[in-house]
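Nothing fancy with the numbering, it's 1 onward along the sequence. Bear in mind the structure is a predicted one, so any value in this text is a computation, not a measurement. Numbering of ligands and ligand atoms starts at 1, following listing order.
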Amino acid sequence: MEDKNDLMEKIVSLCKRRGFIYQGSEIYGGLAGTWDYGPLGVALKNNIKNLWWRMFVDGRDDMYGIDAAILMHPKVWEASGHVSGFSDPLGNTRFNLMFETKVGTGEEATKSYLRPETAGGIFVNFKNIVDSFHPKLPFGVGQIGKAFRNEIAPRDFVFRTREFEQMEIEYFIRDSEWEKSFEEWRTEVCRFNDAVGITKKSVHELEVPDSERAHYSKRTIDFEFDFPFGRKELYGLAYRTDFDLSAHERASTVELKYQDPETNEKFTPHVIEPSFGVDRTVLAVLISAHTEDELGGEKRTYLKLKPAIAPVKAAVFPLLKNKPELVGKAREVYAALKKEIPQIVWDDNGNIGKRYRRQDEIGTPWCITIDFDTLTDDTVTVRDRDTGEQQRMPTVELSSLILKKLSVIV
Ligand code: ATP
């Protein structure tokens, strides 16, 4: 147990020291349940979100992306059941987790909420997507965005926060197809875990029993992860039946049905919902990547991040900082590479060994050193983060080597 707490402490401190994640409003003493992503954190997070979008939206013919407003008509949350039921027990009462806010001014102001999940924005746009794109069933709508919950006890770093991000899909199907579709998405969730580098053996599927499932769900699997503070939910996969579209149709009085173009039959689609938390992904990725080993007789800590999601893909070094010809050549290599691979950095601080350690600690897969040989034969050394091995290669081949490794998703 001690070791595990230790690991969390190491990750939290690395995140702060190296600019991944800071406490929200830190100079004012912090605001519970909020965290700010620093330069490396936002890069890691964006890489994760981009990979998700590429896998599940751009990479498929049956998916549509949206970006709905965070503020929605309050009736959305009445219809979805959040106003009456989205609460946790607190003392003898139940405490609704939605943040209330006022939209408009004075007498005109109406009470609304910061959305507690992104899914609502998808359901209310179902008709828009159908009218604009005429998709054939099955099809899905994906969205990435912020969600807010006034959690009673925010804790465990970015695991349980009051402001977080979700990546959600509502996949619309015929009710007869639900089992097949559920299985397909179950496989897709695992594929995503592999792609971002979440340790397979630390993920466990929990079949949520009838008594604990939301009333509208006929089947839910929680994908749990062995966090240092316990085995906890990472993602959810739920068969939500036709509950949401039917509820929004009743409350809005706008028909939310699908008409089969061949048979003209009209019906309310059912839905499979894979729901991914961005921040929990970031945490599970960091925990999975955190590695301690010995290299060249020295202990080191490094993040074994997949190159596709590493915040920095490569660091470029001049061997010596005080040799203008080396620095000039290194700047040239750096500028050319940065045009093709923007997530690279320049580092000329301290000796090469220190630079390697610094890059290892933030998970940079490759370090490129420009030395005296470069000036004569235009080759550089490329050092691999995981093995520490160095390889000499022509400068002109650098970008294609890196780009090739970055494009390997799984
Ligand atoms: P929990 O039981 O841990 O509170 P939940 O079952 O309420 O989670 P869902 O409503 O299924 O969570 O939300 C979908 C996903 O959103 C979760 O799997 C998780 O990744 C993420 N998520 C939910 N609440 C939070 C939070 N407070 N902080 C960070 N991520 C969250």
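Using the six-membered ring where Trp is involved, Trp35 and Phe157 have ring planes that are perpendicular, over 60° apart on the 30 and 60° scheme. Using a 30° and 60° split on the angle between ring planes, Phe56 and Phe192 fall in the tilted class, from 30° to 60°. Between Phe243 and Tyr216, the two ring planes are parallel [angle under 30°; tilted spans 30° to 60°].
Here Thr110 pairs with Val103 under the side chain to side chain contact (heavy atoms under 4.5 Å, CB included) rule; sequence neighbours left out. Taking the ring-ring contact (aromatic ring centres under 6.0 Å, His included) definition, one finds that Phe133 meets it with Tyr64, sequence neighbours left out.
The residue from Glu224, Arg149, Arg162 that puts a heavy atom closest to atom 10 (O) of ligand 1 is Arg149. Taking all heavy atoms of Phe276, Phe223, Phe159 into account, the minimum distance to atom 29 (C) of ligand 1 is reached by Phe159.
Between Glu361 and Arg358, none of the side-chain N atoms (NZ, or NE/NH1/NH2) sits under 4.0 Å from a carboxylate O, so this pair counts as no salt bridge. The pair Arg219-Glu183 meets the salt-bridge criterion, with a side-chain N (NZ, NE, NH1 or NH2) lying under 4.0 Å from an Asp/Glu carboxylate O.
Of all protein heavy atoms, the one lying nearest to atom 20 (O) of ligand 1 is Leu234 O, 2.7 Å. Among all non-hydrogen protein atoms, the one lying nearest atom 16 (O) of ligand 1 is Gln166 NE2, 3.2 Å. When hydrogens are left out, the protein atom nearest atom 11 (O) of ligand 1 is Glu233 OE2, 3.4 Å; that is the closest non-hydrogen contact. Among all non-hydrogen protein atoms, the one lying nearest atom 14 (C) of ligand 1 is Ser275 OG, 3.0 Å. The shortest contact between atom 4 (O) of ligand 1 and any protein heavy atom is with Arg160 NH1, 2.8 Å. The protein atom (non-hydrogen) at minimum distance from atom 21 (C) of ligand 1 is Gly277 CA, 3.9 Å. Atom 22 (N) of ligand 1 has Phe164 CE1, 3.5 Å as its closest protein atom, hydrogens excluded (heavy atom only).
Both the backbone and the side chain of Thr161 come within 4.0 Å of ligand 1, counting heavy atoms alone.
The shell of residues lying under 4.0 angstrom from ligand 1, judged by heavy atoms, includes Arg280.
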